[in-house]
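First up is the structure itself, then whatever we jot down about it.
Every number for a ligand or one of its atoms is a count from 1 in the order of the listing.
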Amino acid sequence: MNTIEKCDKYVLNTYKRFPITFVKGKGVYLYTDDGRKMLDMGSGIAVSSLGHADKKLVKAISGQAGELIHTSNLYYTKPCVKLAEKLVSRSVFGKVFFCNSGAEANEAAIKLARKHGKAGSTDKFVILSMKNSFHGRTITTLSATGQTKYQAGFEPMTPGFAYVGLNDITDLEKAFDEKVAAVIVEPIQGEGGIISAKQEYLARCRELCDKYGALLIYDEIQTGVGRTGKLFAYEHFLPVEPDIITLAKGLGGGMPIGAMLVKEEYAGFLKPGEHASTFGGNPVCAKAGCVVLDTIEKDGLLKSVAKLGEYFKGEINRLKAKHEAIRDVRGLGFLLGIEFDFPGREMVEKLLEKDIVTIPSGEFVVRFIPPLIAKKNHFDSVIEAVDSILSQRT
Ligand SMILES: Cc1ncc(COP(=O)(O)O)c(C=O)c1O
């Protein structure tokens with residue numbers, strides 16, 4: 001049996017996998033067991049921020065593994081505290097809760113928001129979330145997710161969630177009342193097709209949260225840690241500031257770590273014993289997070305991410321004039337999506353044939369979310385491949 005056959009036999013079949021087995025990675029390239037070298041424009045769904053086998057990251061992780069892998073959060077460890085300090089000093093937030101994944105970071109945010117809401121009134125627990133959003137696969141983050149296709153068959157959902165249209169201010173105003181404890185919104189919907197929140201919408205969210213004493217949560221699990229060309233996507237929408245952001249994916253450069261960052265004034269709403277995670281802030285993962293943040297800063301990655309993202313959009317817009325099949329190109333930095341007039345999965349498969357790894361998003365969108373170290377020549381090969389695939393299609 002080969003790896004794919006063995007996987008089918010032993011691993012629970014919850015993924016629609018592409019028939020490729022990766023054995024190695026270096027920089028922005030992945031290598032398969034049958035000798036193919038593939039350009040990674042997916043970063044393992046926005047995770048491998050420094051690419052593959054980054055020397056500093058590998059050294060830090062292996063060094064830390066040789067020193068101390070785990071102790072539990074009953075004690076203090078240095079990497080976790082260092083990472084918290086780095087996150088706080090680079091943001092408007094005062095404290096960090098560490099966990100292992102995006103869903104868990106959102107769970108922490110939802111729990112904190114409920115605790116804060118209920119401190120005011122027992123029925124202040126409603127969380128407004130956006131239609132077409134994605135917040136995770138646990139029952140409560142699935143409940144926050146505004147897409148019934150992910151919820152189907154798992155009902156009943158956690159009570160206390162209501163859904164409003166992203167960028168629909170009237171809908172938001174209608175849904176808001178004293179019972180709302182929080183609004184949760186992705187600055188750019190990642191799984192939902194790379195759809196950006198508008199400045200005026202986020203500003204209205206902020207005003208209504210302030211008026212009704214609710215918290216504003218940005219789910220930055222996909223947009224955070226440099227992906228949009230700023231360290232955090234909330235920076236694109238200043239002076240509007242959220243009270244909480246959630247991170248995961250790119251934070252550990254491939255090591256599993258999630259984080260909830262909260263403004264100092266709300267940090268005290270979760271008290272000792274009220275929330276926890278056995279592995280949260282694990283020394284090895286936290287060390288990886290420190291290297292990711294330091295490298296983004298030292299190597300000036302944000303500048304090139306912002307610049308190349310604009311370059312890609314410009315070039316795809318030029319292709320749009322040539323190929324009717326391109327409906328739109330959107331996103332910021334290296335969180336980019338092209339919408340086609342045919343299912344995105346078809347383009348993902350065609351690109352795989354050309355040794356380019358991408359990720360579908362929504363039904364008609366393909367995501368281009370390479371490691372933050374990707375260069376112009378990598379984008380050029382993608383642009384050329386998309387052009388050639390569309391030319392052959394017509
Ligand atoms: C915006 C957003 N929130 C939450 C999640 C869930 O993260 P995880 O799969 O790490 O639980 C994802 C994952 O795709 C995401 O994109």
Notebook entry, point to check: Out of R393, K350, K354, which one pairs with S388 under the side-chain hydrogen bond (donor to acceptor under 3.5 Å, both in side chains) rule?
Noted result: K354
Notebook entry, point to check: Ignoring hydrogens and geometry, is there a side-chain-to-backbone donor-acceptor pair from T71 to Y75 under 3.5 Å?
Noted result: no
Check: Salt-bridged, R330 to E339, with N to O below 4.0 Å?
Finding: yes
Next item on the list: Under the ring-ring contact (aromatic ring centres under 6.0 Å, His included) rule, what do Y29 and H52 come out as? Steps first, then yes or no, please.
Entry: CA-CA 7 Å; Y29 291 98; H52 303 280; 9.6 Å; no
Next item on the list: In sequence, state the C-alpha distance, the side-chain angles, and the governing distance for E191 and S133, and then conclude on side chain to side chain contact (heavy atoms under 4.5 Å, CB included).
Entry: CA-CA 7 Å; E191 300 301 307; S133 58; over 6 Å; no
Item checked: Neighbour list for ligand 1 [protein residues, heavy atom under 4.0 Å] -> S101, G102, A103, N106, F134, H135, G136, E186, E191, D219, I221, Q222, K249
Notebook entry, point to check: Counting only heavy atoms not in F18, do more than 12 sit closer than 6.0 Å to its CZ atom?
Noted result: yes
